[in-house]
Amino acid sequence: MSENDMIVTSVLVVNMTNDKNVYSNSSGEFSIEASEKDEIRFVKKGYERVSRKVYNVDVPMNVVLIRIPEEIEEVEIVSVTGDLSKDSKRLTKIDKKDQLQKNIGLPKPKTGEKPREVPAEIKRVLFAAALGNLDVQGVYDLISGKARRQKRWYKYEDVQKDITWIRKRIADEDFVKDGVPAEKISEFLEFSFIVKPDVRKYVRAKNVSGVMFSLDEVIPVYVERLKENMKSKE
């Protein structure tokens, strides 16, 4: 059930002990093989993940899922005067500013952030040269390797930002109890970005439940690799 006493269907129910899994039916009911002390996990997009211990296999397990508040992108509030001609001119200026940022290749920075310098691209430099506009700085950046280093650094920065975003919203204990050592959580998240690219898509959409659902699929793979590495070192 949901916090509002509504039936929640198609909830993924996983027995973390024996790896059995089922989905709740149209009535919100489920039946899964389990023993006492087994951990049962409930995952549903848009809801917080829930874990419950089995204390008595003969007693029904009632579970309440809590909806996750959806985060939206920053909204700019523009005051209006009530004068249609004045207000329309102000809004037009704002639109032109955004369009200019797009035209010159500058991403719109978040509050407190500086816009990134766009790395030189071979195609863009050659196209400008063909039109008689030689981009000297662009040519230098390509030859010196600056453009390549910028791209690598931006890629690294983006990965670290996504890792930080996840770790601020998912407790370390959630990873540790599933077998991921605390000191390897960041490494695991970077591994998940490679194995399951959807994780980063959910991060950019600020969809915590989507991130958690995707990570649940990657954790067993990562933990198994850790075990294999430990055996190979013995």
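For the numbers below, each heavy atom of this structure counts, side chains included, while hydrogens, waters and symmetry mates do not.
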#### Entry: Verdict with reasoning, V218 to F191, per side-chain contact (heavy atoms from CB on, under 4.5 Å)
CA-CA 9 Å; V218 183; F191 172 79; 3.7 Å; yes
### Query
Given Y202 and K45, is the side-chain contact (heavy atoms from CB on, under 4.5 Å) satisfied, shown in steps?
CA-CA 11 Å; Y202 285 124; K45 185 177 180 180; 4.2 Å; yes
### Message
Quick one, F193 with I163, criterion side-chain contact (heavy atoms from CB on, under 4.5 Å). Give me CA distance, side-chain angles, the key distance, then yes/no.
### Response
CA-CA 9 Å; F193 294 165; I163 288 175; 3.7 Å; yes
### Message
Applying side-chain contact (heavy atoms from CB on, under 4.5 Å) to D172 and I185, what does each step give before you reach the verdict?
### Response
CA-CA 8 Å; D172 288 356; I185 293 176; 3.6 Å; yes
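Heavy atoms only, all atoms of each residue included: E48 and L65 are closest at O-CD2, 4.2 Å. Across A34 and I40, no two heavy atoms sit closer than the pair CB-CD1, 4.2 Å. Shown here for L215 and S192, the closest heavy-atom pair between the two residues is CD2-OG, 3.5 Å.
Proximity of V211 to I166: side-chain heavy atoms (C-beta onward) are separated by under 4.5 Å at one or more points. When side chains are defined from C-beta on, M1 does not count as touching N62, because their heavy atoms never get closer than 4.5 Å. For the pair E190 and V159, the minimum side-chain heavy-atom distance is below 4.5 Å. Put simply, the side chain of I66 reaches to within 4.5 Å of the side chain of V64, judged on heavy atoms. Using a 4.5 Å cut-off on side-chain heavy atoms (C-beta onward), T164 and K161 make no contact.
Although no hydrogens or angles enter the test, the distance criterion places no donor-acceptor pair under 3.5 Å between the side chain of D174 and the main chain of I170. A donor-acceptor contact shorter than 3.5 Å is absent between the side chain of K20 and the backbone of V13. Under the 3.5 Å distance criterion, the side-chain polar atoms of D38 are matched with a main-chain donor or acceptor of S35. Under a 3.5 Å cut-off, the side chain of R169 and the backbone N or O of W165 do form a donor-acceptor pair. Panel note: side chain N25, backbone T9; no donor-acceptor pair is recorded below 3.5 Å. Distance alone, capped at 3.5 Å, is enough to place a donor-acceptor pair between the N18 side chain and the E33 backbone.
For the atom pair CE (M16) and NZ (K53), the distance works out to 10.5 Å, reported to the nearest 0.5 Å. Within the model, atoms CG of L189 and CZ of R200 stand 11.0 Å from one another, a figure rounded to the nearest 0.5 Å. Separating the CD atom in E157 from the CZ atom in R152 is a distance of 13.5 Å, to the nearest 0.5 Å. Atoms CD and CD1, from E29 and I7 in turn, are 8.0 Å apart once rounded to the nearest 0.5 Å. We find the OG-CD1 distance between S214 and I219 to be 11.0 Å, quoted to the nearest 0.5 Å. For the atom pair CZ (F213) and CD (E217), the distance works out to 5.5 Å, reported to the nearest 0.5 Å.
The same ILVMFWY cluster, assembled from side-chain heavy atoms under 4.5 Å apart, contains both V195 and V203. Under the 4.5 Å side-chain heavy-atom criterion for ILVMFWY residues, no single connected hydrophobic cluster contains both I194 and Y222. No path of Ile, Leu, Val, Met, Phe, Trp and Tyr side chains, each step under 4.5 Å between heavy atoms, connects L12 with V63, placing them in separate hydrophobic clusters. By the criterion of side-chain heavy atoms lying less than 4.5 angstrom apart, applied directly or through intervening Ile, Leu, Val, Met, Phe, Trp or Tyr residues, V208 is not grouped with V11; the two fall into different hydrophobic clusters. Criterion: ILVMFWY side-chain heavy atoms under 4.5 Å apart, direct or through other members. Under it, V223 and V199 are part of a common hydrophobic cluster.
Salt bridge annotation for E187-K184: present, with a cationic side-chain nitrogen under 4.0 angstrom from a carboxylate oxygen. E39 has no carboxylate O lying under 4.0 Å from a charged side-chain N of R52, or vice versa, which leaves the two without a salt bridge. One finds no salt bridge joining K155 and D158 here, because no Lys/Arg side-chain nitrogen approaches an Asp/Glu carboxylate oxygen to under 4.0 Å. At a threshold of 4.0 Å, the pair D178-R41 counts as salt-bridged, since one of the basic side-chain nitrogens sits closer than that to a carboxylate oxygen.
Other residues, nucleotides and ligands contribute more than 12 heavy atoms inside 6.0 Å of the CZ atom of R167.
Donor-acceptor pairing under 3.5 Å is recorded for the side chains of N207 and S209. Side-chain contact, R67 with S2: no donor N or O sits under 3.5 Å from an acceptor N or O.
Below 30°, between 30° and 60°, or above 60°: for F30 and F42 the angle between ring planes is above 60°, a perpendicular geometry.
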